[in-house]
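Right, one structure below, let's go through it.
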Amino acid sequence: MDDVMKDRVEQLADFIMKWCLWQFHSRAWDRERQNEEILTKTMQLLCDEPVNLSTPSDRCYWVDAVYLANGFKKTCPWLGIMDKKDIKLLMQGLKGRIDYLTINGSLNQELTNPIY
Amino acid sequence: MSCELKQRERPGIINPIFTCQPCGAQYASIGIKDCIAIVHGGQGCVMFVRMLFAQHFKDSFELASSSLHEDGAVFGALNRVEEAVDVLLMRYPHVKVVPIITTCSTEVIGDDIDGLIRKLNKKLLKEKYADREVHLIPIHTPSFKGSMVTGYDVAVHDIVKAFAKKDKPNGKINLITGWVNPGDVTALKHLLSAMDIDATVLFEIESFDSPLMPDKSGFAHGSTTIEDLTGTADAMGTIALNKYEGAKAARYLESEFDVPAIIGPTPIGIRNTDTFLQNLKKMTGKPIPESLVRERGIAIDAITDLTHMFFADKRVAIYGNPDLVIGLAEFCLDMEMKPVLLLLGDDNNTYKGDPRIKAFQEKVDFDMEIVMNADLWELERRIKDKEIKLDLILGHSKGRWTAIDNNIPMVRVGFPTFDRAGLYRHPVVGYEGAIWLAEQMANTLFTDMEYKKDREWILNVW
Amino acid sequence: MPYHTFKCSECIPDRAMHAVIKGPGEDLTSCLPLGYLNTIPGTISERGCAFCGAKHVIGSPMKDVIHLSHGPVGCTYDTWHTKRYISDNDNFQLKYTAATDMKEKHVVFGAEKMLKQNIIDCFKAFPHIKRMSIYQTCASALIGDDINAVAKKVMDEMPDVDIFVCNAPGFGGPSQSGGHHKINIAWIDQKVGTFEPEIKSKYVINYVGDYNIQGDSEIMIDFFQRMGIQVLSSFTGNGSYDDLRGMHLAHLNVLECARSSEYICNELRKRYGIPRLDIDGFGFEPLSASLMKVAMFFGLEKEAQAIIDDETARWRPELNWYAKRLKGKKICLWPGGSKLWHWAHVIEEEMGVKVVSVYSKFGHQGDFEKGVARCSEGALAIDDPNELEGLEAMEMLQPDCVLTGVRPGEVSKKMRVPYLNIHAYDNGPYKGFEGWVRLARDLYNAIYSPIHQLSGLDISKDEIPTDKGFMTRQMISDVNIIGDGTTPIEERPYTGEWDIVTKLRGKKYPKLESQQQLGMV
């Protein structure tokens, strides 16, 4: 990842950390699913791709994704001039970063607790 | 016309009058200077008691916990007391007295705190705190026995016993106040000073009414010292104002050190205050001065304005600490009121032998009920079932809804009184307390008449 | 590692990793305190016990229930009269509390028989209440009474009553949170799925993790109902026992305090496939976003937007009035758990108030992740704070106000720092748009109190101004504002009523009713 990309990923990650709660579900397996589902749907929204809304869970991920996509567009004007390929790359980077912050690099010792 | 003495019949409690023993021990402990108690039990046993004190006094008091968790409940938790003592002493270098107060859980587990204290005295205190005066005092207050009242009685006894040591006569008397407010201590000290009597007040809690100071130094804490406690064995006598809160310590000093003890009466109202002063005179040989004759006269003057015109035949229910309830009932009788229901909130089986209660049984000339081991449901049910009609309730804030929902005026008195401002500042004892109580009752009745439009025109001229 | 060591705690090595200061460039992989570990004895921690987490925090807000604790009387007495969780049934749950009054003989011989009599007596005392929640305590846990068996027996004998049993003794976990967990799991295991409340809308949610402090839940539920959403149950503020037995029928769980009630949402997802949506009911922006998210789930965006526009137009000018005067003030945000992350960012964003410290008495690392992520650089985050650390932090940070509970608030008072009651609120509710203005007002009133200004003067030493008979808050707060020409004319201090909750009770919701009339299921 180049420095511009890195910086952009960081801006998006900061937005999530400050304004969202979905990335902080209690267990690692929840966080993996939340990160995957919501960030994928956010990417689809940003790239004008169809979003699967067939289950209640999908709708629930989608509402957080819509909020995120709108928030990103509002706070990061550079998103508007990026092409879709780059947005996908960016979102991939973001997913890696959020996984790192909330799962792989997390200091939270309860993430691996096998029960709720 | 009879006075019936009965027990709560249900096994359970709906809306308790008292909390459990450890609270009473904690209340005693905060009266001592340089003292922080450790409560051996779950954290709630401390956290909520601290909150209760904070609600009542609008001030915070320091109390520590051994923080019993699951492992301790299974394997015993003495190691946690050991750690608590060390952590507390390290971080609070001024602390000299550490009562260790047990609770239901640690009594059921059977943790031997007496043995632990012996061990700590030999090891930790000798090795790590050799240069420091530290007293660890075991206080056994299982929550499934007695109530906060007995817990207080037990703790005062155990604390006095831990320190009292015979030296030479100190010319003082011991005044064991019972569970009172700072305002009471001020009033009692005023009476002592008027009679020129030097006393050790247990506990010296005037400072619970603490200031907010520009230099941020105004934290609330009791100020009874180790020297005060040690000297209790050298006093010329002990007056314990309450039979159920502190008398145990007075009896101990009498049997162990021949310090004569007078127990009671709680100096609530004119008559009981008169007796208290007579007792002081008898114990010290000091005369009752003219200034107190005058003070008494002011009280009687004030109360005379109220009794036959406003108080006569008013039906009152009273609940709370037993000595307080009995004292208030006696005062109400002197003021021509009818204390029709007294609620004593624990299972102490000596109440029936209390001569004051016997006197009610023998002498009152209206229907009166005294319920022992009572809860507040005993009050509310009687009101709801129309078994009694009340003009006034005297009690602490835990009964507020009974008064509010049934539209009965209520004077907050006792502990806790968190739903009224500053009551801890006002005495209920002495002549001063008599005035305050009578006028509170009168003004409460007056306000109620105005709210209910019940002959509110009476006060058009007075 | 950005751990902060308090001077007063240098002698306790185990405290070393319980506080952090968020430095420049720090993120959660380097800056997170330990959390939810056994308390260090003797520290004068501010934690309560698991019993209180279960009975007092989550159980007791349920309004149509007799709350009976099986144990000595203290647990019941002590947790009574310590909260302001109101209800629309005349506050039954605030007024009445019951204890089995366990005595020594019961400890020795067992207390199941008297427990049974207690249950029967309580139902007799309150013939209109047919539901009960029984809470185990340390004592009844240690003697091993089988409360579930007794409850079952009574239910067999009295078919019109239903009893819930919560086995969360005081020692069951490092803090209150142990009890939150146990009661969540006990409720879903015992009660969810045993009752089918009437479904009146196409859009059905459970509102979870709000305890109706001064009416918070009622304010939020009003928004949902205005949109046409049926709030099937409220867990547990102003909540009804039978509604909560029907939680499995909702389409969505809307979760506020994840700390106290994420467990039940997680289990509802696992067992019934109901999605969990975490929201923020505090602050204009987070609340607007939250309402919109719930609305979008059902396709009710228009309805939500109308509410957001109305409320914002009504209340924004009043929030701005306070924000202008609160800008730059410093607070310590010292709640029990969830407000550390609900408020950490938005109080700064929307009121300009700098959060210099967050703490949590009973939070887990998950709460600190949210709190640390949301607060600004330089903030001090403390897990399981104790008395001396709180004092040291106040000296170090010099806050203008401390947002905390009654007792620590009294400590703060002596430090000449006004406090605002964050557990029970000063003059709430604080949820909703108007509620957020009420918080701003209460903060402003605390910080700019003329009496507070006087508390710092030492009349024996200081130069005492003798030219004034009084000061108003605005004489103090507006020194730099008056005449700056930037105050839009519509900005004004709060103009709402004292009581904004009672009027919501019995209110009609046309959108909900129209669905009912259409016979929607």
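Labels below follow one simple rule: chain letters A, B, ... track the order of the sequence lines, proteins then strands, and each chain is numbered from 1.
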Less than 4.5 Å apart, any side-chain heavy atom of A:T102 and any of C:L28?
no
Audit row: C:E369, A:S106, side-chain hydrogen bond (donor to acceptor under 3.5 Å, both in side chains) steps and yes/no:
CA-CA 9 Å; C:E369 285 183 302; A:S106 171; 3.0 Å; yes
How long is the span from the CG atom in A:N108 to the CG atom in C:L34, to the nearest 0.5 Å?
10.5 Å
Structural part of A:Q109 lying under 4.5 Å from a heavy atom of chain C:
both
Region of A:F24 that comes under 4.5 Å of a non-hydrogen atom in chain C:
both
Is A:V63 close to C:L277 at the side-chain level, that is, under 4.5 Å between some pair of heavy atoms?
yes
Close side-chain approach of C:E262 and A:Y116, heavy atoms under 4.5 Å
no
Note: vs chain A, highest number of non-hydrogen pairs under 4.5 angstrom among C:Q365, C:E267, C:H364 is C:Q365
Any C:H251 side-chain heavy atom under 4.5 Å of A:R59 side chain
no
Among A:S57, A:G71, A:P56, A:A13, who wins on heavy-atom pairs under 4.5 Å with chain C?
A:P56
Measuring from atom CD1 of C:I279 to atom CG of A:L21, what distance do you get when rounded to the nearest 0.5 angstrom?
9.5 Å
Is any side-chain heavy atom of A:V66 less than 4.5 Å from a side-chain heavy atom of C:M292?
no
Under a 4.5 Å cut-off applied to non-hydrogen side-chain atoms, are C:D278 and A:W22 in contact?
no
Below 4.5 Å, heavy atoms only, C-beta onward: do C:H345 and A:W19 meet side chain to side chain?
yes
Straight-line distance of A:D58 CG to C:F297 CZ, nearest 0.5 Å
10.0 Å
C:T29 versus A:G105, closest heavy-atom pair with distance:
CG2-O, 3.1 Å
With the threshold set at 4.0 Å, does a side-chain nitrogen-carboxylate oxygen contact exist between A:D30 and C:K270?
no
Name the region of A:Y61, side chain, backbone, both or neither, that has any atom closer than 4.5 Å to a heavy atom of chain C.
neither
What's the separation between atom CG in A:L107 and atom CG in C:D27, rounded to the nearest 0.5 Å?
9.0 Å
Winner by heavy-atom pair count (cut-off under 4.5 Å) against chain A, out of C:R276, C:H181, C:E285:
C:R276
Is any side-chain heavy atom of C:E349 closer than 4.5 Å to one of A:K18?
yes
Cation-pi check, C:K293 to A:Y67: give yes when NZ or CZ is under 6.0 Å from the six-membered ring centre and within 45° of the ring axis, no otherwise.
yes
What part of C:E301 gets closer than 4.5 Å to chain A, counting heavy atoms only: side chain, backbone, both or neither?
side chain
